[in-house]
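In what follows, every heavy atom counts, from backbone to side chain, and hydrogens, waters and symmetry copies are set aside.
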Amino acid sequence: MPEMPEVETIRRTLTDKIEGRKITRVDIKLSRLIKWPTAPEFQAVLTDRTVEKLVRRGKYLLFYLDNSLVLVIHLRMTGRLYYATQGREYDKFTHILFFLDNGDALLYADTRTLGTLYLMPQAELWRIAGLASMGPEPLSEEFTLEYFAGMLEKRQAKIKPVLLNQKLVGGLGNIYVDEALAIAGIDPDRIASSINETEAKYLYQAINQVIADGISHGGTTFRDYRDGAGQSGSHQHHLHVYGRANQPCHRCGAIIARKEVGGRGTHYCPNCQK
DNA sequence: CCTGCTTCCTGAAAGC
DNA sequence: TGCTTTCAGGAAGCAG
C-alpha cells in the first residue's frame with residue numbers, strides 16, 4: 001500500500017523520464033477510475049499536453065502540465081504507476097495508458113481499482129477535498145513539534161486513527177504509523193490527548209525517522225508496491241512490528257501481537273508499547 | 001466540529 | 001480438490 005515514502009520513491013524514479021515529455025495519446029480501459037472530468041474529456045484535454053513538473057503532496061502525485069493544467073493521481077491501495085519502454089507488454093490490471101512523444105508510455109495499473117485520477121486547471125485543485133484539506137507532512141517545515149504536540153492535546157480519539165487522519169498529518173498510512181508507535185513505545189489504543197510532552201516528542205521524532213528511512217530504502221514492498229521503474233523497495237526488511245505478528249520483538253524479545261484499532265489491523269509489542 | 005462506522009474493490013489465503 | 005468466506009486498507013460519505 002503506497003504511503004508517503006512509496007509515492008515519493010515513485011516520484012523520484014519517474015521525474016527524469018517524464019518531465020519535458022509530451023503525452024501524445026491516452027488509452028482508458030477502466031473509465032470509473034477517472035473522477036474528474038468525464039473520461040472522454042480527460043482523454044481529449046490530456047492529449048498533446050507536456051509534463052512540466054512532477055510533484056508529490058502526501059500520497060498524491062501531481063503532474064503539472066502546460067496550459068496551467070494538473071493531472072492528479074492517488075494510488076490508494078494497489079495502484080501502480082510505472083514507466084514502460086516502447087512495445088513492452090502490460091498485464092490485465094493496467095487500466096490507463098499515457099503514451100509519450102518518445103514512443104514509451106507511463107502506465108497506471110491497479111488490481112483493486114480503488115485509485116483515483118483527476119485532471120483540472122491548477123486554480124481548481126481546491127476541489128479535490130483530500131488534497132485541499134491535507135495537514136502538514138513529516139519532514140516538512142510546517143510539521144513542527146509545536147504543531148504536533150498541540151494537535152494531539154486536542155484529540156480525544158485513539159492515537160492510531162489520529163495519525164492516519166490525513167487532515168492532521170499528511171502522508172502516513174498503516175505501516176508507518178505502526179512502526180512509529182513501536183519506535184516511540186506507545187500503545188496504538190492510547191487516547192491522543194493522554195500522550196505527554198516527552199512521549200509526543202519521541203513520537204514526533206519516530207514519525208520523521210520512519211518516513212526518512214522508508215524513503216531511503218525505496219519504500220516497503222509487501223505485495224503490490226513497485227516504484228516507477230517496476231522495482232521493489234527494501235524497507236520491509238527493516239520493520240519492527242508491521243507484518244511481524246507472532247515473531248519476537250527486536251528490542252525485548254516479547255512476541256509481537258496484532259489487534260484491531262480504529263478498524264485497522266495493528267501490529268505492536270505488548271511489552272514495549274504502553 | 002468530532003468521532004466512528006460503512007462502503008468501495010478483487011486477489012490471496014483461510015476455512016470447510 | 002474445489003468451492004465459499006474472510007481479509008487486506010485509504011479515504012469519502014454519513015450518522016449520531
What is the per-nucleotide protein-contact pattern of nucleotides 11-16 of chain C, from the 5' end, where B denotes a base atom under 4.0 Å from a protein heavy atom, S denotes such proximity for sugar-phosphate atoms only, and - denotes neither?
BS----
For residues 132-139 of chain A, which side-chain donor-acceptor pairs fall under 3.5 Å, sequence neighbours excluded?
unit_1, atom_1, unit_2, atom_2, d
A/Ser133, OG, A/Ala129, O, 2.8
A/Glu137, OE1, A/Arg57, NH1, 2.8
A/Glu137, OE1, A/Gly58, N, 2.8
A/Glu137, OE2, A/Arg56, NH1, 2.9
A/Glu137, OE2, A/Arg56, NH2, 2.9

Whole angstrom value for the distance that separates P of C/dG10 from OH of A/Tyr176:
12 Å
Results of ring pair (Phe, Tyr, Trp, His ring centres under 6.0 Å) for A/Phe222 - residues two or more places apart only
A/Tyr242
Please tabulate the protein-to-nucleotide N/O contacts below 3.5 Å involving nucleotides 3-7 of chain C, giving atom names and distances.
none

Taken in chain and number order and not counting sequence neighbours, the residues that satisfy side chain to side chain donor-acceptor pair (under 3.5 Å) with A/Glu179 are A/His240
A/Lys158 has an atom NZ; how far is it from atom P of B/dG4, in whole Å?
7 Å
Who pairs with A/Phe93 by ring pair (Phe, Tyr, Trp, His ring centres under 6.0 Å), at least two apart in sequence or on another chain?
none
Could you list, one pair per line, each protein nitrogen or oxygen that sits under 3.5 Å from a nitrogen or oxygen of nucleotides 9-15 of chain B, together with the distance?
unit_1, atom_1, unit_2, atom_2, d
B/dC9, O3', A/Thr113, OG1, 3.3

Picking from A/His238, A/His267, A/His235, what satisfies ring pair (Phe, Tyr, Trp, His ring centres under 6.0 Å) with A/Tyr176?
A/His235
With a cut-off of 3.5 Å and sequence neighbours excluded, list every side-chain donor-acceptor pair involving residues 47-54 of chain A.
unit_1, atom_1, unit_2, atom_2, d
A/Thr47, OG1, A/Gln43, O, 2.6
A/Arg49, NE, A/Asp66, OD1, 2.8
A/Arg49, NH1, A/Val45, O, 3.4

Which of these passes side-chain contact (heavy atoms from CB on, under 4.5 Å) with A/Lys158: A/Leu163, A/Val261, A/Asp187?
A/Val261
Can we call the ring centroids of A/Tyr82 and A/Tyr108 under 6.0 Å apart?
no
Please, which pairs that meet side-chain hydrogen bond (donor to acceptor under 3.5 Å, both in side chains) have at least one residue in residues 145-155 of chain A, sequence neighbours excluded?
none
Tracing side-chain contacts under 4.5 Å among Ile, Leu, Val, Met, Phe, Trp and Tyr outward from A/Tyr268 reaches none
Bracket notation of DNA chain C in which parentheses pair within the strand, [ ] cross earlier pairs, and | pairs with another strand (Watson-Crick or G-U, under 3.5 Å)
.|||||||||||||||
Listed pairs under 3.5 Å, donor-acceptor, residues 164-174 of chain A side chains, sequence neighbours left out:
unit_1, atom_1, unit_2, atom_2, d
A/Asn165, OD1, A/Lys167, N, 2.9
A/Gln166, OE1, A/Gly171, N, 2.8
A/Gln166, NE2, A/Leu164, O, 3.0
A/Gln166, NE2, A/Leu172, O, 2.8
A/Asn174, OD1, A/Lys160, NZ, 2.6
A/Asn174, ND2, A/Gly265, O, 3.0

